[in-house]
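Below, all heavy atoms of this structure are taken into account, side chains as well, without hydrogens, waters or symmetry copies.
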Amino acid sequence: MRIALSGLGSIVYINAMKTTILGIGNTLLRDEGIGIHVLEALRAQTPGDDSLSLIDGGTLSFTLATEIESTDRLVVVDAAQLGEAPGAVRCFTGQEMDSFLGSCKRSVHEVGLLDLLDIARLTQTLPAQRALVGIQPASVEWGEEPTEAVAAAIPVAVEKICELLDLWRTEAAA
């Protein structure tokens with residue numbers, strides 16, 4: 001996205017990159033809702049950042065395709081089967097994200113997420129800068145609060161997202 005600012009008779013163009021952070025999950029199923037919990041923690045830490053669009057994607061729907069198509073950068077936060085200890089956090093970027101999602105069923109939302117990414121790919125609107133922040137769940141039983149191990153991962157996931165955003169901003173400025 002390119003924005004024109006005028007002042008004192010001159011026009012200056014700046015690039016304003018829109019970044020969408022998409023939290024996914026069902027907050028009625030303990031750790032399954034971790035994407036939403038991370039999104040809320042991130043919202044509290046980044047107030048007033050107009051370049052960020054923080055979206056509660058719930059359990060996914062095709063209406064999110066428009067959000068993905070209209071963003072420059074995409075970060076998806078979700079519970080994912082990483083094969084690690086509960087609360088482990090991993091960040092997959094670009095092609096690594098695509099490979100992780102396509103390798104086998106690792107997230108309860110994977111089919112929907114893959115469909116959304118495929119729609120963006122077909123319409124040539126898939127953000128080149130994209131990432132999945134996956135958190136290993138311990139329990140997806142009924143309950144509104146994440147387990148202790150997964151709740152402890154919330155600040156870790158927020159930190160990874162902030163580091164990723166800083167990296168992307170640095171790359172864009174170079």
Side-chain angles (χ1 to χ4, degrees), residues 1-3 15-82 89-137 140-146 150 153-154 157-158 160-162 164-165 168-169 172:
M1 177 186 300
R2 214 171 130 161
I3 299 173
N15 287 325
M17 301 290 282
K18 178 184 174 191
T19 302
T20 299
I21 314 286
L22 179 61
I24 301 174
N26 184 338
T27 56
L28 298 176
L29 297 175
R30 300 214 59 174
D31 298 341
E32 210 312 280
I34 193 61
I36 309 306
H37 296 297
V38 170
L39 191 71
E40 291 306 316
L42 188 62
R43 182 173 282 125
Q45 194 165 322
T46 59
D49 187 338
D50 293 337
S51 69
L52 292 180
S53 177
L54 305 176
I55 298 175
D56 178 339
T59 56
L60 288 177
S61 82
F62 284 106
T63 61
L64 294 170
T66 304
E67 293 293 337
I68 293 172
E69 291 173 355
S70 66
T71 196
D72 300 301
R73 300 174 176 138
L74 174 67
V75 178
V76 179
V77 187
D78 194 9
Q81 293 301 327
L82 304 172
V89 180
R90 297 230 3 239
C91 182
F92 302 91
T93 58
Q95 201 60 36
E96 184 183 28
M97 173 187 179
D98 301 343
S99 295
F100 176 78
L101 291 174
S103 63
C104 62
K105 185 156 180 64
R106 297 178 187 251
S107 167
V108 294
H109 309 289
E110 183 176 313
V111 173
L113 182 56
L114 283 174
D115 291 340
L116 288 171
L117 295 178
D118 283 343
I119 289 169
R121 205 173 272 111
L122 288 171
T123 58
Q124 298 179 343
T125 57
L126 182 68
Q129 291 180 309
R130 61 190 178 279
L132 169 68
V133 175
I135 301 160
Q136 177 68 50
V140 291
E141 301 290 323
W142 288 107
E144 294 181 26
E145 298 297 323
V150 173
I154 293 172
V158 168
K160 284 192 181 287
I161 293 167
C162 289
L164 180 63
L165 296 177
W168 285 348
R169 287 178 185 129

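Taken to the nearest 0.5 Å, the CG atom of Asp78 stands 12.0 Å off from the CG atom of Leu39. In this structure, CZ on Arg121 lies 4.5 Å from CG on Asp98, to the nearest 0.5 angstrom. Put simply, CG on Leu164 and CZ on Arg73 are 9.0 Å apart, with the number rounded to the nearest 0.5 Å. Here CD1 of Ile55 is found 3.5 Å from CD of Glu67. Values are rounded to the nearest 0.5 Å. To the nearest 0.5 angstrom, Asp56 atom CG is 10.0 Å from Ile24 atom CD1. Taken to the nearest 0.5 Å, the NE2 atom of His37 stands 6.0 Å off from the CD atom of Glu145.
Here the closest non-hydrogen pair linking Leu116 and Ser61 is CD2-O, 3.7 Å. In terms of heavy atoms, Ala131 sits closest to Thr93 at CB-CG2, 3.9 Å. Across Phe100 and Gln81, no two heavy atoms sit closer than the pair CZ-O, 3.9 Å. The shortest non-hydrogen separation linking Gly134 to Ala80 is CA-CB, 4.0 Å. Contact between Pro127 and Leu74 at its shortest, heavy atoms only, is CG-CB, 4.0 Å. Contact record, Ile135 with Ala157: CD1-CB, 3.9 Å, taken as the closest heavy-atom pair.
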Given the rule in the side chain to side chain contact (heavy atoms under 4.5 Å, CB included) test, do Gln129 and Asp72 qualify, once you have shown the distances and angles that lead to the verdict? CA-CA 7 Å; Gln129 291 180 309; Asp72 300 301; over 6 Å; no
Val38 vs Val133, side chain to side chain contact (heavy atoms under 4.5 Å, CB included): CA-CA, chis, key distance, verdict: CA-CA 10 Å; Val38 170; Val133 175; over 6 Å; no
Starting from the C-alpha separation in whole Å, work towards a yes-or-no answer on side chain to side chain contact (heavy atoms under 4.5 Å, CB included) for Thr123 and Glu69. CA-CA 8 Å; Thr123 58; Glu69 291 173 355; 3.6 Å; yes
Check against side chain to side chain contact (heavy atoms under 4.5 Å, CB included), Leu42 and Cys162: CA-CA 9 Å; Leu42 188 62; Cys162 289; 4.0 Å; yes
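Looking only at side-chain heavy atoms (C-beta outward), Ser53 and Lys18 come within less than 4.5 Å of each other. Residues Leu29 and Glu141 form no side-chain contact, since every pair of their non-hydrogen atoms from C-beta on lies 4.5 Å or further apart. Between Arg130 and Ile68 the shortest side-chain heavy-atom distance does not fall below 4.5 Å.
Between the side chain of Arg43 and the backbone N or O of Leu54 there is at least one donor-acceptor pair closer than 3.5 Å. With Thr71 contributing its side chain and Thr20 its backbone, the two residues share a donor-acceptor pair below 3.5 Å. With Glu32 contributing its side chain and Val140 its backbone, the two residues share no donor-acceptor pair below 3.5 Å.
When Ile21, Ile154, Leu22 are each tested for a side chain to side chain contact (heavy atoms under 4.5 Å, CB included) with Val77, only one passes: Ile21.
Judged as a side chain to side chain contact (heavy atoms under 4.5 Å, CB included), and not counting sequence neighbours, Leu122 has no contacts.
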